[in-house]
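Here's the structure, in structure tokens; my notes come after.
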Amino acid sequence: MSAPERIPPGRMSGTAPAAEATRELLRQGTLTVRGQITAASNTVLFGTVEHAGSSLPCVYKPVAGERPLWDFPDGNLARREVAAYEVSRATGWDLIPATVLRDGPYGPGMCQAWVGEPPDADDDGEDAPSGEPAEAAPQREPGGEPGRGPGGEPEEEPAPLLALVDGEEPGEGWKAVGFADVGGGRSALLVHADDPRLRRLAVLDAVLNNGDRKGGHLLPRPDGALYAIDHGVTFHVDDKLRTLLWGWAGEELTGEAVEALRRLSTALCADAGGHAEAAEAAQAVDAAEAPLAARLAELLTEAEVQAVGKRVEALLSSGRHPLPSGEWPAIPWPPV
């Protein structure tokens, strides 16, 4: 495994952000808040989890810090983030860092593996006033700073995934999203890379019914891995898909995507009884061993779990990437 895929040196080396071992450390470790990511709309805290000599940087979003959303009244956003990780794991693509629901210093919330170099923060966070974590630097923009190779040499920064270009057609290797106002009465064509990693994510977002896929949620790594974050606005029963990844809209799904969707369909159909029985089944065994349907039943409403299965079957039936519904803004704002 190449160096950039490892958790930063001095942390839990040798384990990818989406791996099962990473999830277990997030679940079992002692969570310490180091700072706050102040640019976020909800409370987003940077911290570390430590267990049995291993340490891992993480993001902690307490439920108490969520701003209520009128169209997501059922459950909290933290549960949706965990459910998104569970679905990502079931596809085999591992596009979302390990994410768990657990208690923390500010109550229950979502805890997720940090991708990339952690921000600078106080070593122990003791300077934070009661109830107000110390401020830390915000998470890097997509691409971020280059990683380090095995010998400590800088690695190349990942190629950009999004761009604004002049003209009405994307260049080779790019897919058009739409025109954007860039000020001064000018517009430019918003494009994203014709990248297989993004294409997988576009399929996953269609399954999750992601209502907020922005450019700032894409975290490419120098080794070629891509991770996506911020999945609180997902799993609505109505069509809420808003994304910057419309470049393949209406195109035929890849064979790889069809196989991933079939795996997901099988996992969702695993017999776990009714919704309540499935949730109880998930609590009775280790989370990693429970059927996907049972794990989702613990996190989402029965209608939301059923809607996931319907979206998977609709994608398999059509064999194509979805088109914008026309009933909901297709592109999130701001786009980054």
Side-chain angles (χ1 to χ4, degrees), residues 2-5 18 88 91-96 115-116 140-147 149 153-208 210-230 241-261 315-316 318-326 329-336:
S2 59
E5 192 172 353
S88 172
T91 64
W93 285 334
D94 281 348
L95 292 167
I96 299 176
V115 176
R140 296 195 318 273
E141 290 298 313
E145 298 175 1
E153 69 280 2
E155 294 194 341
E156 292 184 7
E157 187 171 337
L161 298 176
L162 299 165
L164 286 168
V165 298
D166 293 327
E168 298 185 354
E169 296 293 335
E172 184 177 356
W174 296 89
K175 305 289 282 188
V177 179
F179 289 96
D181 184 357
V182 294
R186 294 178 59 251
S187 64
L189 184 63
L190 177 63
V191 298
H192 64 67
D194 188 3
D195 186 307
R197 301 170 302 171
L198 291 184
R199 191 163 190 172
R200 295 180 194 118
L201 186 59
V203 174
L204 178 62
D205 279 342
V207 171
L208 303 180
N210 192 349
D212 193 35
R213 172 59 70 217
K214 297 178 179 178
H217 302 163
L218 307 176
L219 302 178
R221 301 294 299 137
D223 70 327
L226 172 70
Y227 297 98
I229 59 172
D230 286 351
L241 185 59
R242 290 196 304 173
T243 176
L244 292 178
L245 303 179
W246 286 116
W248 298 282
E251 292 188 17
E252 189 173 337
L253 293 171
T254 64
E256 177 194 38
V258 171
E259 288 302 313
L261 290 168
L315 287 166
L316 285 171
S318 71
R320 295 184 176 277
H321 288 266
L323 295 163
S325 68
I331 299 176
W333 190 262
V336 294

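Here the structure is a predicted model, which is why all the values come from computation and not from measurement.
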Rounded distance (nearest 0.5 Å) linking atom CG of Asp194 with atom CH2 of Trp174: 10.0 Å
Within-4.5 Å side-chain heavy-atom neighbours: Asp212 and His217: yes
Quick one: are Ile331 and Leu244 in side-chain contact, heavy atoms under 4.5 Å? yes
Any sub-3.5 Å donor-acceptor pair from His321's side-chain atoms to Gly247's backbone N or O? no
How about CD on Glu251, more than 12 heavy atoms from neighbouring residues, nucleotides or ligands closer than 6.0 Å, or not? yes
With Val203 as partner, the option from Leu95, Leu261, Leu208 fulfilling side-chain contact (heavy atoms from CB on, under 4.5 Å) is Leu261
For the residue pair Leu189 and Leu164, establish whether any side-chain heavy-atom pair is separated by less than 4.5 Å. no
Taking the side chain as every heavy atom from C-beta outward, state whether His192 and Leu161 have any atom pair closer than 4.5 Å. no
Heavy-atom pair of closest approach, residues Pro322 and Ala206: CG-CB, 3.8 Å
Nearest heavy-atom neighbours spanning Val191 and Pro170: CG1-CB, 3.8 Å
Can you tell me if Arg242 uses its side chain to pair, donor with acceptor, with the backbone of Ala330 under 3.5 Å? no
Output the distance between atom CG (Leu245) and atom CG (Leu204), rounded to the nearest 0.5 Å. 10.5 Å
For Ser325, side chain to side chain contact (heavy atoms under 4.5 Å, CB included) partners two or more places apart: Asp239, Glu327, Trp328
Hey, could you give me the CG/CD distance between Leu253 and Glu259, rounded to the nearest 0.5 Å? 11.5 Å
Is it the case that the side chain of Trp246 and the backbone of Thr243 share a donor-acceptor pair, with hydrogens and angles ignored and the cut-off at 3.5 Å? yes
Once rounded to the nearest 0.5 Å, what's the spacing between atom CG of Leu218 and atom CG of Leu198? 6.0 Å
Do you know which two heavy atoms are closest between Arg320 and Leu315, and how far apart they sit? O-CD2, 3.7 Å
In chain order, what residues pass the side chain to side chain contact (heavy atoms under 4.5 Å, CB included) check against Ala228, with sequence neighbours excluded? Leu201, Arg213, His231
Closest contact, heavy atoms only, Pro324 versus Ala249: CD-CB, 4.5 Å
Do Asp94 and Arg200 sit within salt-bridge range, that is, some charged N less than 4.0 Å from a carboxylate O? no
Quick check: closest heavy atoms across Val258 and Leu316, and the distance to 0.1 Å? O-CD2, 3.8 Å
Can a salt bridge be assigned to the pair Asp223 and Arg221 using a cut-off of 4.0 Å between side-chain N and carboxylate O? no
In terms of side-chain geometry, is the basic nitrogen of Glu256 or Arg199 positioned less than 4.0 Å from the acidic oxygen of its partner? no
